[in-house]
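Here is the naming used below: chain letters follow the sequence lines, and residue numbers restart at 1 for every chain.
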Amino acid sequence: MIDIRLVRQDVAAVRAALARRGVDPAEVDALAAEDEEARQLVAHRDELRAQVNALSKQVGEARRAGEAERAEELAGLSRRLGDELRAVDGPAEAAAGRVRERLLWLPNLPSDDAPDGAGPHDNPVVRRWPDAPRTYADHQRVPHWDVAAALGILDLERGARLSGSMFPAFRGMGSRLLRALTALALDRHADAFEEVRPPTLVRTETMMSTGHLPKFADEAYAVERDGLWAIPTAEVPLTSMYRGEIIEEDRLPLRLTAATACFRREAGAAGRDTRGLLRVHEFDKVELFAYATTDQAPAVHADMVGRVEALVQALGLEYRVLDLCTGDLGNSSARTFDIEVYAPGCDMWLEVSSISWFRDYQARRADVRYRPAGGGSPRFVDTLNGSGLAWARIWAALVEVGRQPDGSVELPEVLAPYLGGTRTIG
RNA sequence: GGAGGGAUGGCAGAGCGGACGAAUGCGCGGCUCUUGAAAAGCCGUGAGGCGCGAGCCUCCGUGGGUUCGAAUCCCACUCCCUCCGCCA
């Protein structure tokens with residue numbers, strides 16, 4: 001959540017910043033008004049409480065001094081104030097609760113340098129690789145579901161039998177390719193990122209911390225009986241790894257990476273781009289994550305983008321980098337770069353990574369702070385994360401790009417060591 | 001699944017109705033001593049909120065209750081740990 005103090009100091013600035021991403025200014029004004037009201041109620045409540053506390057102290061003193069009568073008198077006075085206090089306490093708590101609730105639902109402020117825009121169509125392309133667009137042969141213009149079916153490496157029908165549509169089953173070299181991709185990515189990030197294998201079912205608080213709840217409950221699978229949620233991304237458990245902790249500054253940036261399955265209901269996207277692996281309910285992904293100071297964050301962010309680009313290049317896929325505009329920015333993010341690879345078979349740019357800087361929006365929810373090296377009060381950390389990478393779509397692109405005239409698939413050289421020396425499927 | 005134990009500051013750990021936001025130790029910061037360091041000694045050191053400020057308020061797992069007054073008593077819940085059983 002954002003810092004309520006920003007609203008107090010400069011409502012206009014918050015209103016303007018959030019308006020850039022389509023939040024109704026009236027909501028910000030309502031928040032400011034409720035905060036003002038809550039503060040007055042709380043101040044009054046605190047004042048009464050101070051009086052009760054002072055009187056209670058005097059009761060104790062009088063009693064110890066043997067002045068029973070005076071003690072009784074003071075206690076009576078305190079009792080009356082206590083009644084008054086109880087009358088004020090409820091409304092004050094309720095008002096403070098309303099402010100908290102509003103803050104929980106309010107999205108993050110976009111970074112100043114995030115481009116303005118209304119939606120996905122306004123995302124500027126900041127880079128593409130290779131510089132000159134590639135050309136593709138006819139034998140590469142076959143969608144991956146057809147390529148894969150012919151090779152027996154993807155079994156959508158049986159996956160659907162087990163779990164429903166959009167739950168793919170990979171087979172043979174198709175399955176091994178996923179394992180190879182995960183191993184390759186984890187190895188490449190091992191120099192700076194500690195590998196973690198977190199749980200994939202998490203508590204409600206854990207989903208709250210990243211901002212996936214309460215707003216996006218419909219997007220997540222819930223295991224209701226046990227009060228657990230299936231993670232939509234490893235960002236969720238990784239962000240909460242240090243929940244409630246204070247980290248020494250010299251440990252920052254603290255970087256983690258994890259390979260996990262990710263589960264998404266895709267409730268709002270029913271029927272869109274659902275063929276093959278374009279949009280699935282469960283997929284594997286390697287996630288990059290960091291806690292950092294605000295000063296470190298831009299460099300950490302840039303490093304993550306660089307790593308992901310290098311990985312996509314190593315896989316030989318054509319891609320472009322988008323700077324997400326304010327209208328398309330994720331709820332919790334201040335700045336996000338998306339990486340899309342080109343899949344010639346279905347002639348689509350597929351989002352395979354989203355690399356975001358959340359400032360302290362998530363840390364404030366998750367209560368993760370650091371102790372500044374020079375001493376002083378703990379501060380909230382900044383969190384950053386990005387996929388490095390999401391495999392289902394990478395798999396699809398690799399299969400389409402690598403398709404040979406004879407229907408077999410040729411995979412990039414870097415994967416050979418992870419595929420038992422071969423790079424051919426078929 | 002059964003039986004117990006527990007939740008207090010950065011960490012460990014006391015406290016079991018009033019002088020407790022909390023002993024003590026460790027850690028951390030400053031100072032003294034020292035050529036420097038270590039050791040030793042002295043002093044300081046929880047977090048959050050409100051207020052220009054003096055200062056005030058909140059926080060001892062969470063929520064309720066008793067009381068003039070709750071870390072301390074009562075109720076409910078959550079979480080953690082140990083042992084037994086079952087199990088990949």
Whole-Å distance separating the CG atom of A/Asp46 from the C1' atom of B/G51: 11 Å
Dot-bracket pairing map - RNA chain B, Watson-Crick plus G-U, both contacts under 3.5 Å, | cross-strand: ((((((((.[[[..)..(.....]]]((((((.......))))))(((((....))))).[[[[[..)....]]]]])))))))....
Touch class at under 4.0 angstrom, heavy-atom based, for A/Ala43 against every strand present: nothing
Whole-Å gap separating P (B/G48) and CZ (A/Arg100): 17 Å
Donor on one side chain, acceptor on other, A/Ser111 and A/Asp113, under 3.5 Å: yes
Nearest listed nucleotide, side chain of A/Arg371, among B/G10, B/G48, B/G18: B/G10
A/Arg49 vs B/G69: side-chain N/O to OP1/OP2 distance below 4.0 Å: no
B/A88 to B/C73 separation - P atoms, rounded to the nearest Å: 44 Å
B/A7 versus B/U45 - spacing of their C1' atoms, nearest Å: 25 Å
Rounded distance (Å) that lies between atom P of B/C68 and atom CD of A/Glu69: 18 Å
Nearest-Å distance once atom P is located in both B/A70 and B/G65: 12 Å
A/Asn108 and A/Ser332 side chains, donor-acceptor separation under 3.5 Å: no
B/C68 OP1/OP2 closer than 4.0 Å to side-chain N/O of A/Asn53: no
Centroid separation A/Trp395 to A/Phe170 less than 6.0 Å: yes
A/Arg203 side-chain proximity, nearest of B/C68, B/C80, B/C57: B/C80
B/G69 phosphate, OP1 or OP2, under 4.0 Å from A/Arg63 side-chain N/O: no
Distance in angstrom units between A/Glu205 CD and B/G61 C1', rounded: 12 Å
Sugar-phosphate only, base, or nothing, as touched by A/Arg64 at under 4.0 Å among non-hydrogen atoms: base
A/Thr383 side chain to A/Gln362 side chain, donor-acceptor N/O pair below 3.5 angstrom: yes
Sugar-phosphate only, base, or nothing, as touched by A/Ser56 at under 4.0 Å among non-hydrogen atoms: base
Interatomic distance, A/Gln40 CD vs B/G51 P [rounded to whole Å]: 11 Å
Atom pair distance, as rounded to whole Å: CD in A/Gln51 and P in B/C56: 13 Å
Sugar-phosphate, base or nothing in reach of A/Ile246, heavy atoms under 4.0 Å: sugar-phosphate
A/Arg379 vs A/Ala373, nearer the 5' end of RNA chain B by closest nucleotide: A/Ala373
Protein-nucleotide distance (A/Glu61, atom CD; B/G18, atom C1'), rounded to Å: 9 Å
P-based separation of B/C57 from B/G21 [nearest Å]: 10 Å
Atom C1', compared across B/A14 and B/G2: separation rounded to whole Å: 33 Å
Exercise: do A/Thr206 and A/Arg243 side chains pair donor with acceptor under 3.5 Å: yes
Atom C1', compared across B/C59 and B/U72: separation rounded to whole Å: 16 Å
Touch class at under 4.0 angstrom, heavy-atom based, for A/Arg80 against every strand present: nothing
Side chain proximity check, A/Tyr221 to A/His281, heavy atoms < 4.5 angstrom: yes
Any donor-acceptor N/O pair, A/Thr182 side chain to A/Leu178 backbone, under 3.5 Å: yes
Of all pairs that satisfy ring-ring contact (aromatic ring centres under 6.0 Å, His included), the ones with a partner from residues 200-220 of chain A, not counting sequence neighbours: none
Of the listed nucleotides B/G51, B/C57, B/G48, the one nearest the side chain of A/Ser377: B/G48
A/Arg39 with A/Glu36: basic N within carboxylate O range, under 4.0 Å: yes
A/Glu248 or A/Val52, whichever maps to the more 5' nucleotide of RNA chain B: A/Glu248
Whole angstrom value for the distance that separates C1' of B/A47 from CZ of A/Arg243: 18 Å
Pairwise C1' distance for B/C20 and B/G46, with rounding to whole Å: 14 Å
Integer angstrom distance from the P of B/A71 to that of B/U8: 16 Å
